[in-house]
Participant: 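Can you read through this structure? Questions will come right after.
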There are 2 protein chains.
Amino acid sequence: MQKSTPKRPASSAVEDYLERILELINTKGYARVVDIAESLSISQASVTNMVQRLDGDGLLKYEKYRGLVLTTAGEELARNITHRHHLLTDFLQLLGLDAQTIHHDVEGMEHHVSPATVHAIESLTAQLKRQPALLERVRSGAAPARVGRATTAL
Amino acid sequence: MQKSTPKRPASSAVEDYLERILELINTKGYARVVDIAESLSISQASVTNMVQRLDGDGLLKYEKYRGLVLTTAGEELARNITHRHHLLTDFLQLLGLDAQTIHHDVEGMEHHVSPATVHAIESLTAQLKRQPALLERVRSGAAPARVGRATTAL
DNA sequence: AAACAAAGTTAGCCTCGCCTAACTTGCAGC
DNA sequence: GCTGCAAGTTAGGCGAGGCTAACTTTGTTT
């Protein structure tokens, strides 16, 4: 008897795996251990291990040597994290950040943004897109009407 | 011989410790093991352990049973993470999120925001503060001119 | 069908960051 | 100056999530 559906909040690692698996399935039609390992830059052994855990947690269906498919729960989680990923990327792009910074920051932040914040940033992003002048000021680093720009904290 | 200054990027845990230590020093004038443990909701043993590591890494000066002080490097790091914390909190407050969500998300995100992004969000925050009407639309969840609000991803 | 390569798996190990239990140190109060 | 308690430390351990090395399975090639 494995620990099916203990409903732990899904760690960052778990979210990363699911996100990549969904991406692979969407682009190649399937997700092999070797592809997941490559995509996450970790060893095949680690992937096998995690995939077995995800099977036990009911997030995917896995048959030794044969492959895997996401369950409804797994796909939902994967879509959710993917959504956060895209949203944050879109948002940071709007602010004029470079691709590398965006990638790094999104990869780190995406696991910690709650639904309410997702919604707020979606709303903000939508508003910002209709304010090209404001965005231009943001991108040029304008911080008007302040005496010291404050690199200070506390 | 300990590993002094191998300059690893400072883990989230390390940043959390430094942030709390600085906060304690700023409010109580000192940071004892027991206070740090209380503040981070972890055991004293864990704190002792980490404090010894931080000493080895040159982020603070520590004398057994006697206490600790941040080094210049440690204080700089602490101020930096504190700054990110305040900035993100300020930003999310602007979006109208509730205190609990803000606390949770900031605690998670603050470790993953690079300098360029910090700067961009500072700039954005400054601009937003002069746009009460826009902020009102964000807070009320307005996402105009879209047919389906899209909970979809991919 | 035999052999070989690529993919997958298992076993054993490591680091990080936390824990508890047991011991030591420092400091008040008597 | 002894004693008792709070603070601090040490020892040993655990789970997550990585790793390498060695083995097995699959599938292709001849």
Side-chain angles (χ1 to χ4, degrees), chain A residues 2-4 6-21 24-25 28-57 59-69 74 77 81 107-108 110-112, chain B residues 1-4 6-21 24-25 28-57 59-69 77 81 107-108 110-112:
Chain A
Q2 74 272 51
K3 54 181 84 160
S4 27
K7 219 59 181 190
R8 282 202 238 60
S11 68
S12 298
V14 166
E15 290 190 339
D16 280 335
Y17 274 92
L18 292 176
E19 186 176 7
R20 297 311 179 95
I21 288 169
L24 285 168
I25 288 174
K28 314 187 52 170
Y30 54 85
R32 291 177 313 172
V33 168
V34 71
D35 297 322
I36 301 168
E38 158 87 16
S39 171
L40 290 171
S41 299
I42 61 185
S43 71
Q44 288 190 24
S46 298
V47 173
T48 294
N49 215 300
M50 177 62 92
V51 159
Q52 291 174 347
R53 214 186 90 191
L54 295 178
D55 180 294
D57 290 352
L59 296 172
L60 51 79
K61 227 74 176 188
Y62 163 69
E63 278 178 279
K64 266 187 194 175
Y65 299 108
R66 310 247 102 234
L68 58 91
V69 271
L77 234 167
I81 181 66
E107 213 62 55
E110 60 182 359
H111 308 291
H112 307 280
Chain B
M1 206 168 304
Q2 73 273 50
K3 53 183 84 163
S4 28
K7 219 57 180 190
R8 282 200 237 62
S11 68
S12 298
V14 166
E15 290 191 338
D16 281 335
Y17 275 92
L18 293 175
E19 186 176 7
R20 297 310 180 94
I21 288 169
L24 285 168
I25 288 175
K28 314 187 51 167
Y30 54 85
R32 290 178 315 173
V33 168
V34 71
D35 298 323
I36 301 167
E38 159 86 17
S39 171
L40 290 171
S41 300
I42 60 184
S43 71
Q44 288 188 25
S46 298
V47 173
T48 294
N49 214 300
M50 178 61 92
V51 159
Q52 291 174 347
R53 213 185 90 190
L54 296 178
D55 179 294
D57 289 353
L59 296 172
L60 52 79
K61 226 75 176 187
Y62 162 69
E63 278 179 280
K64 265 186 194 175
Y65 299 107
R66 311 246 103 233
L68 58 90
V69 270
L77 234 167
I81 181 67
E107 213 63 54
E110 60 182 359
H111 308 292
H112 307 281

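Naming convention: chains lettered A, B, ... in sequence-line order (proteins, then strands); numbering from 1 in each chain. Fair warning: this is a prediction, and the values are worked out from it, not measured in the lab.
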Participant: Which nucleotide in the set C:dG8, D:dG18, C:dG17 lies at the smallest distance from any side-chain heavy atom of A:V34?
Facilitator: C:dG8

Participant: Using 0.5 Å steps for rounding, measure from the CG atom of B:L59 to the CD atom of B:E15.
Facilitator: 10.5 Å

Participant: What nucleotide among C:dC19, C:dG17, C:dG8 has an atom nearest to a side-chain atom of B:I42?
Facilitator: C:dC19

Participant: So which protein N/O to nucleotides 3-6 of chain C N/O distances come out below 3.5 Å?
Facilitator:
none

Participant: When you measure from the side-chain N and O atoms of A:Y17 to the phosphate of D:dA16, is any distance below 4.0 Å, counting only OP1 and OP2?
Facilitator: no

Participant: Of all the nucleotides listed (C:dG17, D:dC19, C:dG8), which has the minimum atom distance to the side chain of A:S46?
Facilitator: D:dC19

Participant: Enumerate the residue pairs fulfilling side-chain hydrogen bond (donor to acceptor under 3.5 Å, both in side chains) with a member in residues 37-50 of chain A, sequence neighbours excluded, ordered by first and then second residue.
Facilitator: A:R20-A:S39, A:S43-A:S46

Participant: From B:L18 CG over to B:I81 CD1, what is the distance, rounded to the nearest 0.5 angstrom?
Facilitator: 9.0 Å

Participant: Can a side chain N or O of B:T48 be found less than 4.0 Å away from OP1 or OP2 on D:dG8?
Facilitator: no

Participant: To the nearest Å, how far apart are A:N49 CG and D:dT20 C1'?
Facilitator: 14 Å

Participant: With a 4.5 Å cut-off on side-chain heavy atoms, are B:I21 and B:L60 touching?
Facilitator: yes

Participant: I need the CE-C1' distance between B:M50 and D:dT10, as an integer number of Å.
Facilitator: 17 Å

Participant: Once you round it to whole Å, what is the distance between C1' of D:dG8 and OH of B:Y30?
Facilitator: 15 Å

Participant: Counting heavy atoms from C-beta on, name the nucleotide in C:dG17, D:dG18, C:dT10 closest to the side chain of A:Q52.
Facilitator: C:dT10

Participant: May I have the distance from B:I36 (atom CD1) to C:dC18 (atom C1'), rounded to whole angstrom?
Facilitator: 16 Å

Participant: To the nearest 0.5 Å, what is the distance between NZ on B:K64 and CG on B:D55?
Facilitator: 11.0 Å

Participant: I need the CD-P distance between B:E38 and D:dA7, as an integer number of Å.
Facilitator: 11 Å

Participant: Once you round it to whole Å, what is the distance between C1' of D:dG18 and CD of A:Q44?
Facilitator: 15 Å

Participant: Between atom CG of A:L68 and atom OH of A:Y30, what is the distance when rounded to the nearest 0.5 Å?
Facilitator: 12.0 Å

Participant: Centre-to-centre under 6.0 Å for B:H112 and A:H111, is that the case here?
Facilitator: no

Participant: If I take atom CE from residue B:M50 and atom CD1 from residue B:I42, how far apart are they, to the nearest 0.5 angstrom?
Facilitator: 7.5 Å

Participant: Working to the nearest 0.5 angstrom, can you tell me the gap between B:S12 OG and B:E107 CD?
Facilitator: 10.5 Å

Participant: Below 3.5 Å is the cut-off: list the nitrogen or oxygen pairs between protein and nucleotides 21-27 of chain D, distance only.
Facilitator:
residue: D:dG27; atom: OP1; partner: A:R66; partner atom: NH2; Å: 3.3

Participant: From CD of A:E63 over to P of C:dT9, roughly how many Å is that when rounded to an integer?
Facilitator: 11 Å

